[in-house]
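What follows is one structure encoded as structure tokens, with my remarks underneath.
Every heavy atom of this structure was used, including side-chain atoms; hydrogens, water molecules and symmetry mates were not.
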Amino acid sequence: MDMIRSMRYRTLLVVWLAVAAIAAAQELRLTSPDGSHEVRFYQTAVVDGVRELRYSIGYRGAEVITDARAGLEMDNEVWEKALGFRSLEQPESWMHRLVIDSVGSIAEVDTLWHNAYGERSTVRDHYRTATLHLSRHDDSDYRLDVEVRAYDEGIAFRYFLPEHKKAIFHKVVDDLTEYRFPAGTRAWAERWAQATFTHGPLAELTQPVERALTLDLPNGLWVALTDADVDDWCLTKYAVSPTDTNTLRSVMYSPVDVVTYCATPWKVVMVVDTPGKLIEHNDIVLNLNPSCEVPDAAEWVHPGKIMRANISTEAGLKVIDFCAEHGIPYMLFDWQWYMPCTSHDGDATQVVDKLDLPRVIAYGKERGVGVWLYVNQHALMRQARELFPLLREWGVVGVKSGFVQYASHRWATWLHDLVRLAADNHLMMNIHDEFRPSGFSRTYPNLLTQEGICGNEEWPDATHNVTLPFTRMLNGAADYTICYFDKRLRNTHAHQLAASLIMFSPLQTIFWYDTPERCAPVPELRWFEQLPTTFDDTRVISGYPGDHIVMARREGDAWYAALMTSNEGSMQTLPLDFLSSGTPYLAQVYTDDPSLPTPTKVRCAEYVVQAGQTMQFLLQPRGGATVRFTPIDKKMAKNYTRYRNTNKL
């Protein structure tokens, strides 16, 4: 009897284990290395024989995205019939006949890579990954994989279409991915890349909005939605679902025609406790892109600052002299160095008469200043393959592309191939106007920066500026075009100094709209002269969208800190915990002071500080402050005033 009971127990155990294994095969469950993020992919039966792919994301036990739809919509009927498969069933949705076959084993990846062009020079790529395999059990041979990664910084997933055995082409007509948030979620949204922000409930998003999209949840968590590795896909935005105002759906700009095998861009969901961590975690976008494919990039791709010149030989020579005197390695001739530049009839191989470009380029080489040229889409479409080798022959170092199309699948692939062509010709690039990055600069670092931002040339207010770091800057570098001496500025000059550090860009445009003649010899120009454009470390000390941001970045053994406030003034603190303990530092401080007689009203002061202290700043409305910290020996420290924690700057 005991033996029979034992056999029955073993039989029940085997059956239970088999059922558990089958159940496990129907679901992908993955947690991040530190256990903070969890993601599940599974199917839900809608009606008999029809299943929908769903997913959920949690963070430290709290629900973030719950039971949201996933998948792609196809319209392959014409291709099926053209290739002889004329009896295949046409379900209501391409996803409906897909069945989960298996879940791949979980793997953990933990690597480091060096980024010479980023906010952090050492980047850790650490995640757990698994793949969900689905297929249709009919004669179509359709398959779909969902590749999932769980980082400590967030969740990423993409759809992979394995090679079709019968070579049926795939026409992707819709991205079915949705994001279902808790009721009460609010979004910081822009309708287009160079727009200003609204902040309100999801239900108020009446039009598709840009990525990155930052959301604050009623449980206190912060979420950012964005994408990565988008060089062979169309622009995708987010819109409120017509059936559920707590759900965002994906909106593709155009269909995408693919030949399998192929993958979609990565979808990224970052979840954090405080908004500043979104900025500190933004390397997840770079990590989801292929590694560098330009082996000699270090020899000719060099970050730095850049200043624009008016279109004439004399203006170009003057700007080169100014750049050489103030540590600016590049100058730009913007539009109209060839004409007509916004027409297919323009010829970018012919320079206007008032500009002796060879002379300017030669003089720039003598003074260590490289020349960039603006080229509009019309000329790039017709002449890029002829033009880029010619520009390299002339000695041009970079191209700023203007008013380029990028949103459809056709134009997205064209634009990214343009960056590849530029790399072949040792040309750096800066893409204007609406284009936003998705990490392609990791693969092709000659793409130093891009616009895709309502920048300084449009005179945004301070509240907009302290929203950008938590939203647009999550995508990657932005050419904010820092203005300084122009009388149209809406914010203080110390605010402008702070923006040059906070708005990260390996190619940092400064003195936009200014000329050497308009640049007064004010002492705070030293900040621009000493400012690097790439960094070894970046830390967000404090901040909140639309209110303020306090940030510190390190290059070598020097630290640079910036504080910006909104249209309202505020008291902000800068704890110096990031400095090395036991070492005195010289702090070069730049703050607003309306009592000064200088045209910019910026006070420059120097103090000795050390780790453990906290600096206090009383920021004016629309104001800011910056500090450069450099280590000095104790003997030299005696020559400077020691900062006291009670000092308010």
Side-chain angles (χ1 to χ4, degrees), residues 196 304-308 322-323 326-328 332 449 451 453-469 472-473 477-505 507-516 518-533 543 546-553 560-570 572 574 588-596 598-605 617-628 649:
T196 55
K305 291 152 287 192
I306 188 169
M307 181 178 181
R308 180 173 67 167
F322 184 88
C323 289
H326 294 282
I328 303 172
L332 165 72
T449 194
E451 193 174 14
I453 189 171
C454 180
N456 214 172
E457 67 180 4
E458 298 191 50
W459 315 114
D461 65 17
T463 298
H464 171 82
N465 288 343
V466 292
T467 304
L468 288 171
R472 162 62 181 89
M473 300 308 298
D479 188 9
Y480 182 76
T481 55
I482 301 290
C483 303
Y484 201 69
F485 291 101
D486 197 289
K487 294 181 180 180
R488 291 172 288 179
L489 283 176
R490 300 177 64 183
N491 307 311
T492 72
H493 285 83
H495 186 99
Q496 299 300 107
L497 297 176
S500 67
L501 182 77
I502 290 170
M503 309 303 181
F504 170 73
S505 181
L507 183 72
Q508 185 70 265
T509 301
I510 56 176
F511 304 122
W512 190 251
Y513 293 134
D514 294 323
T515 64
R518 296 178 193 160
C519 294
V522 290
E524 72 268 18
L525 290 187
R526 180 178 60 175
W527 167 262
F528 288 126
E529 294 167 355
Q530 296 176 333
L531 181 67
T533 61
D547 184 78
H548 78 282
I549 183 167
V550 180
M551 177 183 285
R553 301 189 191 269
Y560 300 79
L563 307 88
M564 286 202 309
T565 191
S566 65
N567 296 344
E568 307 297 326
S570 62
Q572 299 299 333
L574 178 61
Q588 297 169 320
V589 182
Y590 305 89
T591 55
D592 293 308
D593 186 346
S595 69
L596 292 179
T598 65
T600 53
K601 311 294 184 185
V602 173
R603 178 171 294 280
C604 307
F617 294 83
L618 182 59
L619 301 181
Q620 294 183 23
R622 304 178 185 271
T626 59
V627 189
R628 180 176 186 257
L649 301 171

Do Ser566 and Glu568 meet the criterion of a side-chain donor-acceptor pair at a distance under 3.5 Å? no
Please tell me if the side chains of Trp512 and Leu332 come closer than 4.5 Å, counting only heavy atoms from C-beta onward. yes
Step by step, work out the ring pair (Phe, Tyr, Trp, His ring centres under 6.0 Å) result for Tyr484 and Trp527. CA-CA 12 Å; Tyr484 201 69; Trp527 167 262; over 10 Å; no
Can you give me the closest heavy-atom contact between Thr492 and Pro621, atom names plus distance? CG2-O, 3.9 Å
Are any non-hydrogen side-chain atoms of Ile502 and Ile549 less than 4.5 angstrom apart? yes
Main-chain N/O of His326 paired with Lys305 side-chain donor or acceptor, under 3.5 Å: no
Show your working on side-chain hydrogen bond (donor to acceptor under 3.5 Å, both in side chains) between Asn456 and Tyr513 and close with a plain yes or no. CA-CA 10 Å; Asn456 214 172; Tyr513 293 134; over 6 Å; no
Any side-chain heavy atom of Val627 within less than 4.5 Å of one from Gln588? no
Counting C-beta onward and ignoring hydrogens, is there a side-chain heavy-atom pair between Arg628 and Gln530 closer than 4.5 Å? yes
Do Arg603 and Tyr590 meet the cation-pi criteria used here (NZ or CZ under 6.0 Å from the six-membered ring centre, within 45° of the axis)? no
Please tell me whether Gln508 and Ser500 have a donor and an acceptor in their side chains that are separated by less than 3.5 angstrom. no
Ignoring hydrogens and angles, tell me if any N or O in the side chain of Thr598 forms a donor-acceptor pair with the backbone of Val522 under 3.5 Å. no
Under 3.5 Å: donor-acceptor pair, side chain of Arg518, backbone of Phe511: no
Only residue of Thr449, Ile482, Asp479 satisfying side chain to side chain contact (heavy atoms under 4.5 Å, CB included) with Thr509 is Asp479
Geometric class of the His493/Phe485 ring pair [parallel <30°, tilted 30-60°, perpendicular >60°]: tilted
Please report the C-alpha distance between Leu489 and Cys483 in whole Å, then the side-chain angles of each, then the deciding distance to 0.1 Å, and finally whether the side-chain contact (heavy atoms from CB on, under 4.5 Å) criterion is met. CA-CA 8 Å; Leu489 283 176; Cys483 303; 3.9 Å; yes
With side-chain contact (heavy atoms from CB on, under 4.5 Å) as the test, would you mind laying out the steps for Glu457 and Glu451 before giving the verdict? CA-CA 11 Å; Glu457 67 180 4; Glu451 193 174 14; 3.0 Å; yes
Just by distance, no angles: are the side chains of Tyr560 and Arg553 close enough, under 3.5 Å, to form a donor-acceptor pair? no
Would you say Thr533's side chain and Leu507's backbone share a donor-acceptor pair under 3.5 angstrom? no
I'd like to know whether Leu619 forms a side-chain contact (heavy atoms from CB on, under 4.5 Å) with Leu563, so could you lay out the CA-CA distance, the side-chain angles of the two residues, the decisive distance to 0.1 Å, and finally the verdict. CA-CA 8 Å; Leu619 301 181; Leu563 307 88; 4.0 Å; yes
If we ignore angles and hydrogens, is there a donor and acceptor under 3.5 Å between the side chains of Ser595 and Asp593? yes
Where do Asp514 and Cys519 come nearest, in terms of heavy atoms and distance? CB-SG, 4.1 Å
Can you confirm whether Lys601 sits close enough to Asp592 that some side-chain heavy atom of one is under 4.5 Å from a side-chain heavy atom of the other? no
How far apart are the closest heavy atoms of Val602 and Ala494, and which atoms are they? CG2-N, 3.9 Å
Could you state the interatomic distance from CD1 (Ile510) to SG (Cys323), rounded to the nearest 0.5 Å? 7.5 Å
Scanning both residues in full, the closest heavy-atom pair of Ala498 with Ala625 reads CB-O, 3.8 Å
Is His495 reaching over with its side chain to a backbone N or O of Arg490, donor-acceptor style, under 3.5 angstrom? no
Going through the distances and angles, do Phe617 and Ser570 end up as a side-chain contact (heavy atoms from CB on, under 4.5 Å)? CA-CA 8 Å; Phe617 294 83; Ser570 62; over 6 Å; no
For Ala462 versus Asn491, what's the shortest heavy-atom pair and its separation? N-OD1, 3.1 Å
Using side-chain heavy atoms (C-beta onward) and a distance below 4.5 Å, is Asn465 in contact with Met503? yes
